[in-house]
Every structure is written in structure tokens, then in C-alpha cells.
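For reference, the structure is listed below as C-alpha cells.
Indexing begins at 1, ligand by ligand and atom by atom, following the structure's order. Given the structure is predicted, the values throughout are model-derived calculations rather than measurements.
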Amino acid sequence: MDRQELIRNALEAKQGSYSPYSKFKVGAALLTEDGRIFTGCNIENAAYSASICAERTAVFKAISEGSRGIEAMAIVGDSDYTYPCGVCRQVIREFGKNAIIIVANSEDDYREYELEDLLPNSFGPEHLK
Ligand code: THU
């Protein structure tokens, strides 16, 4: 996996952010197990709760385009290391129990985690079987 390529994609996706209310831009790029990269940005709404995070935009694009299995995701935001919110962690969990999560300030300045570190003892699809 090319971590820097994933971060570059997230940085580019961040440019598409529609965030006139928070003025906080976020970009995400995910690598699927079948080797495709999908990107996303946060998209806000005047009715605030209708907004969506960058991470979920990327996941929903991947799933709707037929990919399954998240291998890794890179996230860049306007804070020093922008971490995924709880809802996004759970959405990533659905398709990437063993995903690598990279929170980056730049191509060369990032921290890397396993999803399990960010969402321990999680609930997932196998628990409904
Ligand atoms: N946001 C994301 O897109 N991802 C994160 O990891 C943190 C928060 C967005 C939601 C909202 O549009 C803005 O950042 C401020 O919370």
C-alpha cells in the first residue's frame, strides 16, 4: 500500500469540501481490498444534521460503486491530525474490521492506527448471524 498516494488523494478531496458553516474542511481517501481508491469530502447542510463527514462520503461512494472491503483510509482535516468521529468509525467497521486508519497533516507527517485501536470491542455484521 502506498500511504503517501492515499494521503495525496485525501488532500485533493479536501479541496471539494462544502463546509460554509463550520469552515472546517476534511478530505478522505480509502483503498478497497480490490485495489481501488475512493475519495470523499465533508458536505454540510443549512439543516446541520443533514451534513455528512468526508469519511462516510468516501465509504458510501465505494459501496455504491460495487467495492467491498476497506483496506485503509487516509484522513486530512483542518486540525492537527483530524480523527474520524464515532459514527464514521462504526461505518468503516462495517466494511473494514481490520482497516488501517491514517490521520495525516501532510504526506510526510501522519499517524497510523488499526481500526480496532480506535473502536475497540466493536459491534459488527457477524454479531447478527
Ligand atoms: N468532519 C469530518 O468530515 N470528518 C471528521 O473526521 C471530523 C468532522 C466534518 C463534519 C463537519 O462538516 C465539520 O467537519 C466540522 O465538524
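Counting only distance, with no hydrogens or angles, the side chain of Gln4 and the backbone of Glu107 share a donor-acceptor pair below 3.5 Å.
Among protein residues, Ser22, Phe24, Val26, Asn42, Glu44, Cys53, Ala54, Glu55, Thr82, Tyr83, Pro84, Cys85 come within 4.0 Å of ligand 1, judged on heavy atoms.
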Inset, instruction - Let me see the working for Thr82 and Ser79 under side-chain hydrogen bond (donor to acceptor under 3.5 Å, both in side chains), right down to the final yes or no. - result: CA-CA 6 Å; Thr82 301; Ser79 62; 2.7 Å; yes

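Checked options Ile7, Asn105, Val76; the residue passing with Tyr110 is Ile7 (criterion: side chain to side chain contact (heavy atoms under 4.5 Å, CB included)).
Listed by chain and residue number, Asp34 satisfy the side-chain hydrogen bond (donor to acceptor under 3.5 Å, both in side chains) test with Thr32 (two or more places apart in sequence, or in another chain). Partners of Glu112 under the salt bridge (Lys or Arg N to Asp or Glu O under 4.0 Å) rule, at least two apart in sequence or in another chain, are Arg3.
The stretch residues 47-90 participates, sequence neighbours left out, in these ring-ring contact (aromatic ring centres under 6.0 Å, His included) pairs: Tyr21-Tyr48, Tyr83-Tyr113.
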